[in-house]
Student: 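Mind having a look at this structure? Questions to follow.
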Amino acid sequence: MRVTTSFPLGTLRDTPSEADIISHKLLLRGGYIRRINSGIYAYMPIMLRVIEKISKIIEDELNNNGCTKLLLPQLHPADLWKRSERWEAYTAGEGIMFNLKDRQGKEFGLGPTHEEVITIIASEIINSYKQLPQCFYQIQTKFRDEIRPRFGLMRSREFIMKDGYSFHSSKEDLALFYEKMGKAYEKIFKNCGLQAVGVEADSGAIGGASSKEFMVTADAGEDSILFTESGSYAANIEKAVSIPSEPVELETYRSELLETPNQKTVFDICKKNNLDPSQIIKVVIFLAKFEDKTNLPILACIRGDQQINEVKLFNLINLKHSSSLINLDIIENKSIVEKNLVDFPLGFIGPDIDNKNIKVNSNWNKKWFRIVDNSAKNLSTFISGGNKINFHKVFKKYSFEEEEFLTADIRNAKQGDKINAESNEVLKEKRGIEIGHIFQLGQKYSAKLNAKFSDKDGKLKNLWMGCYGIGVTRIAQAAIEQNYDDKGICWPIQIAPFEVIIIPTNFKDPLQMELSNEIYNNFKDNNIDILLDDRDERAGVKFKDAELIGIPFQIIIGRDSINKEIEFISRSNKSKIKIASNKLLETFISETKAMY
RNA sequence: CGGGGCGUGGCGCAGCUUGGUAGCGCGGGUGCUUUGGGAGCACUAGGUCGCAGGUUCGAAUCCUGUCGCCCCGACCA
């Protein structure tokens, strides 16, 4: 490609004010993307080359693993999503699915993910165990009406994703394939030149048994991951399990009641009363809203030095209730409290709050669903809310069991925690960007959409399913987050838009022009992705642009053209060598070979 | 949805407090000079000041409403 005739660069000298994190700034400055609306971006020619390279790497590896590429519709009939019982959760309230009606008033959604569609298709074409296993994938634009799109392509409303779905005749076969996909994913990310780690994860709204996320570690990441130094354990914070530190023993207080004026937070109480957070049990109130319109008030207790993990709590409540859980909100809004609760001293609630506090005419269930975290259940002497404004209470020999508490792990693991009772290994924490996620879905979708096959024994059975996603556009941005310097992007060569750029310092010089063209054609003939910056610009401008857009190698054609010599520069390690032009191709090939 | 900020040429911003008909840097175009690290000089094109209404002789500026975007949070995968 030549810059003047076929590949305008569109770099910017100033960063548009919308960008916050480095990768987003560099994408905009480098002319890779243009914002059209909140969370909606145009991929410019140079960006598309990156996307295509990433796609190719993914395709090659998946095809090697026996997967088959197809392309599914983006407009999904609501009916299909109602059958899987996801329409409500995905469209109502804070749902993330864009939805619309056609001219006849029929409802549709823009595909955020494709389990329904693929399951229907699989059910039509798969009849027998002899056709299994089978894995279909596509690389396509997905639509999600994110509550808060941010960081450019990191969390956008339109993004490119590879999504794959596998079908199996048994749970065991699914598990095997899931492992195989995990390996394939590791290879894909490595082939993209990324450092990624696999972590145990919550399966979220997609559902299913087991799931694993692949994370690129970067400070700008939106997720927290916890792991041991040895690599023996790694999990997303939503899923991570650990042993909490030992609590500090509470000396017996003389009085039962503790006056705590305006001390609503654990921090305040500790500071004013010389206590340790682990001697307190905090009580957090939630309201669970279910699909069948049930409103269940939740009372969650946890040790004061620990944090409630709302994902774990959500999953637990969902599991314990027959209808599916749609929303789980902390109750802190005064008007909601006044409407549904009576004499309710918010901020001073204890685990023993009475069910009578729920108003008779409220549309909530009239009994608290009480949950206590493992960290708190063994404390029998502790301080908690006194159920009276400005008072806390000393609980002595309190028994959670007597109050029908459900004991569970609803706690965030944290840095410094032990991973289990036997081990001395301790958790560390880092930020991560989720670039891939694999799930064992099981039979959730096949059961709801009636996707069956004939097994060996002649019986009709539900298909076993797995699903596997990779954020293609997110990979591109994550790669920048991992590879940049003060001058711009430093693409891993595997996904760089071009492998090498020719920079003639003065293209009007016939000698330079001739040599540039000669090298350009030679490289092109050898299938090397090469860009020729044939602009009539000053050398400095071209150097800056080449660095900004992050091409891994530069060929500088300058003064030494007369001797058929050029300079060969590596973007990432900044090495610079002078070399005869007839040796350039072989040098380039040997230099880059090791990088792939 | 709550909190904060911002909408002025392609990009970055000033002007608004105290109303008088829009300016700077970068970028674009033309010419001359320059030519290995975002050049210099000269000329030049380009803006219904987010939108609507109001106050006023007169509004980018004041008032009301509205839309949009960005950031933090809630939330979400």
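Proteins come first, then strands; the chains are lettered A, B, ... in the order of their sequence lines, and each starts at number 1. Treat the numbers as computed from the prediction; the structure is a model and nothing was measured.
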Student: Of the candidate nucleotides B:rC11, B:rU35, B:rG28, which contains the atom at the shortest distance from the side chain of A:Arg538?
Tutor: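 Shortest atom-to-atom distance from the side chain points to B:rU35.
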Student: A:Glu18 has an atom CD; how far is it from atom P of B:rC11, in whole Å?
Tutor: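 Roughly 10 Å, once rounded to whole Å.
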Student: Of the nucleotides B:rC13, B:rC75, B:rC72, which one has an atom closest to the side chain of A:Phe151?
Tutor: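 Output: B:rC72.
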Student: Counting only distance, no hydrogens or angles, is the base of B:rG68 paired donor-acceptor with the side chain of A:Asn37 under 3.5 Å?
Tutor: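 When only heavy-atom distances are counted, A:Asn37 does not reach the base of B:rG68 through any donor-acceptor pair under 3.5 Å.
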Student: Between C1' on B:rC72 and CD on A:Glu222, what's the gap in Å once rounded to a whole number?
Tutor: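 Atom-to-atom, A:Glu222 to B:rC72, this comes out as 13 Å.
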Student: Rounding to an integer number of angstrom, what distance separates B:rG25 and B:rC69 when you compare their C1' atoms?
Tutor: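 To the nearest whole Å, 24 Å.
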Student: Give me the distance, rounded to whole Å, that separates B:rU8 from B:rC62 when you measure between the P atoms they each carry.
Tutor: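 My reading of the P atoms in B:rU8 and B:rC62 gives 16 Å.
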Student: Expressed as a whole number of angstroms, how long is the span from A:Glu547:CD to B:rG37:P?
Tutor: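 Rounding to the nearest Å, CD of A:Glu547 and P of B:rG37 are 12 Å apart.
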Student: Should B:rG68 form a Watson-Crick or G-U wobble pair with both distances under 3.5 Å, which nucleotide is its partner?
Tutor: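 Matched B:rG68 with B:rC6 under the 3.5 Å cut-off.
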Student: Would you mind pulling out the nucleotide paired to B:rA39, Watson-Crick or G-U wobble, both distances under 3.5 Å?
Tutor: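 The base-pairing partner of B:rA39, which may sit in any strand shown, is B:rU33.
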Student: Assign A:Arg29 to base, sugar-phosphate, or nothing according to its heavy-atom contacts below 4.0 angstrom with the strands shown.
Tutor: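 If one applies the 4.0 Å heavy-atom cut-off, A:Arg29 turns out to touch a base.
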Student: To the nearest 0.5 Å, how far apart are OH in A:Tyr178 and OG in A:Ser166?
Tutor: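 It comes to 11.0 Å.
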Student: Look at all strands and tell whether A:Gln554 reaches a base, only sugar-phosphate, or nothing, counting heavy atoms closer than 4.0 Å.
Tutor: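 Nothing, no heavy atom under 4.0 Å.
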Student: Starting at CG of A:Leu28 and ending at C1' of B:rG12, how long is that distance when rounded to a whole Å?
Tutor: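 After rounding, the reported distance stands at 13 Å.
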Student: Which residue lies toward the 5' end of RNA chain B, A:Ile569 or A:Ala19, if each is placed at its nearest nucleotide?
Tutor: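 The answer here is A:Ile569.
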Student: Ignoring hydrogens and angles, does a donor from either the side chain of A:Glu567 or the base of B:rG36 sit under 3.5 Å from an acceptor on the other?
Tutor: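 Yes, the side chain and the base share a sub-3.5 Å donor-acceptor pair.
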Student: Roughly how far apart, to the nearest Å, are B:rC76 and B:rC72 at atom C1'?
Tutor: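 Here B:rC76 and B:rC72 have their C1' atoms 16 Å from each other.
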Student: Measure from the side chain of A:Ile147, starting at C-beta and using heavy atoms only, and say which of B:rG10, B:rC76, B:rC72 lies closest.
Tutor: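 When the side chain of A:Ile147 is considered, B:rC76 is the closest of B:rG10, B:rC76, B:rC72.
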Student: Let me know the distance between CD1 of A:Ile556 and P of B:rU35, rounded to the nearest Å.
Tutor: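 Those two atoms, CD1 and P, are 19 Å apart.
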Student: Choosing from B:rC69, B:rC71, B:rG38, which nucleotide comes nearest the side chain of A:Asp20?
Tutor: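 The answer is B:rC71, which lies nearest to the side chain.
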Student: Only pairs with both distances under 3.5 Å count, Watson-Crick or wobble alike; so what is the partner of B:rA60 in this structure?
Tutor: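 Checking every strand shown, B:rA60 finds no partner, since no pair has both distances under 3.5 Å.
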Student: Quick one: is B:rG27 close enough that its OP1 or OP2 comes under 4.0 Å of any side-chain N or O from A:Arg13?
Tutor: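 Indeed, a polar side-chain atom of A:Arg13 lies that close.
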Student: Suppose you measure atom C1' in B:rU61 against the same atom in B:rG7; what distance do you get, rounded to whole Å?
Tutor: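 Taking atom C1' in both B:rU61 and B:rG7, they lie 15 Å apart.
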Student: Can you find a donor-acceptor N/O pair under 3.5 angstrom joining the side chain of A:Arg535 to the base of B:rG38?
Tutor: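 Between B:rG38 and A:Arg535, which were checked side chain against base, a qualifying N/O pair under 3.5 Å is absent.
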Student: Counting side-chain heavy atoms from CB outward, which of B:rA39, B:rG10, B:rG37 is closest to A:Lys487?
Tutor: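 In terms of side-chain proximity for A:Lys487, the closest of B:rA39, B:rG10, B:rG37 is B:rG37.
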Student: Could you give me the CA-CA distance, side-chain angles and deciding distance for A:Asp163 and A:Lys142, then say whether side-chain contact (heavy atoms from CB on, under 4.5 Å) is met?
Tutor: CA-CA 10 Å; A:Asp163 50 327; A:Lys142 294 278 183 281; 3.0 Å; yes
Student: For A:Phe553 and A:Phe523, what are the C-alpha separation, side-chain angles and deciding distance, and is it a ring pair (Phe, Tyr, Trp, His ring centres under 6.0 Å)?
Tutor: CA-CA 13 Å; A:Phe553 290 97; A:Phe523 271 57; over 10 Å; no
Student: Closest to the A:Arg559 side chain: B:rC11, B:rU34, B:rG36?
Tutor: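 Per side-chain heavy atoms of A:Arg559, the pick is B:rG36.
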Student: Counting C-beta onward and ignoring hydrogens, is there a side-chain heavy-atom pair between A:Ile349 and A:Leu299 closer than 4.5 Å?
Tutor: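 They are in contact (side-chain heavy atoms under 4.5 Å apart), so the answer is yes.
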Student: Can you find a side-chain donor-acceptor pair between A:Glu429 and A:Ser224 that sits under 3.5 Å?
Tutor: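 Checked: A:Glu429/A:Ser224 side chains pair up, N/O donor to acceptor below 3.5 Å.
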Student: Rounded to the Å, how far apart are A:Arg155 CZ and B:rC70 C1'?
Tutor: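 Between C1' of B:rC70 and CZ of A:Arg155: 17 Å.
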Student: Taking the same atom, C1', in B:rG27 and in B:rC51, what whole-Å distance lies between them?
Tutor: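 Straight-line distance between the two C1' atoms is 28 Å.
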Student: For the P atoms, the ones on B:rG46 and on B:rU55, what distance do you get once it is rounded to whole angstrom?
Tutor: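 Comparing P positions in B:rG46 and B:rU55 gives a spacing of 34 Å.
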Student: Apply the side-chain contact (heavy atoms from CB on, under 4.5 Å) test between A:Arg2 and each candidate in A:Asp533, A:Asp534, A:Leu531; give the one that qualifies.
Tutor: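 That would be A:Asp534.
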Student: Quickly work out the A:Asp509 CG to B:rG36 P distance and round it to whole Å.
Tutor: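 After rounding, the gap between these two atoms is 11 Å.
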Student: Let me know, please, whether A:Thr11 or A:Ile330 comes out on the 5' side of the other along RNA chain B by nearest nucleotide.
Tutor: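 Per heavy-atom nearest nucleotide, the more 5' residue is A:Thr11.
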Student: For the side chain of A:Glu146, counting heavy atoms from C-beta on, which of B:rC76, B:rG38, B:rG37 is nearest?
Tutor: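 Side chain of A:Glu146 sits closest to B:rC76.
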Student: If we ignore angles and hydrogens, is there a donor and acceptor under 3.5 Å between the side chains of A:Asn99 and A:Thr91?
Tutor: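 No.
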Student: With a 3.5 Å limit on both atom pairs, tell me what B:rC1 is paired to, counting Watson-Crick and G-U wobble, or say none.
Tutor: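 Base-paired to B:rG73.
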Student: Using the P atom on both, measure B:rC41 against B:rU56 and round to a whole Å.
Tutor: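 Result for the P pair: 49 Å, nearest Å.
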Student: Looking at A:Arg148, I'd like to know whether one of its side-chain N or O atoms comes within less than 4.0 Å of OP1 or OP2 on B:rC72.
Tutor: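 For A:Arg148, the contact criterion (side-chain N or O under 4.0 Å from OP1 or OP2 of B:rC72) is met.
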Student: Under 4.0 Å: is that the gap between some side-chain N or O of A:Thr15 and OP1 or OP2 of B:rG12?
Tutor: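 A:Thr15 to B:rG12 OP1/OP2: no side-chain N or O under 4.0 Å.
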Student: Pick base, sugar-phosphate or nothing for A:Arg35, based on heavy-atom distances below 4.0 Å to the nucleic acid.
Tutor: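 Contact class for A:Arg35: sugar-phosphate only.
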Student: Using the C1' atom as the reference point in each nucleotide, state the distance between B:rC43 and B:rG50 in Å, no decimals.
Tutor: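 It works out to 33 Å between them.
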Student: For the base of B:rG38, is there a side-chain donor-acceptor partner from A:Asp545 under 3.5 Å away?
Tutor: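 Present.
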Student: I'd like to know whether A:Lys448 forms a side-chain contact (heavy atoms from CB on, under 4.5 Å) with A:Glu85, so could you lay out the CA-CA distance, the side-chain angles of the two residues, the decisive distance to 0.1 Å, and finally the verdict.
Tutor: CA-CA 8 Å; A:Lys448 289 189 164 142; A:Glu85 293 171 34; 3.7 Å; yes
Student: Taking only N and O in the side chain of A:Ser17, is any of them less than 4.0 Å away from OP1 or OP2 of B:rC70?
Tutor: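 A:Ser17 to B:rC70 OP1/OP2: no side-chain N or O under 4.0 Å.
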Student: For A:Lys544 and B:rC26, give me the distance from atom NZ to atom P, rounded to whole Å.
Tutor: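 Value for this atom pair: 16 Å.
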Student: Categorize A:Thr505 for me: base, sugar-phosphate, or nothing, with a 4.0 angstrom heavy-atom threshold over every strand shown.
Tutor: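 Answer is base: heavy atoms of A:Thr505 come under 4.0 Å of a base.
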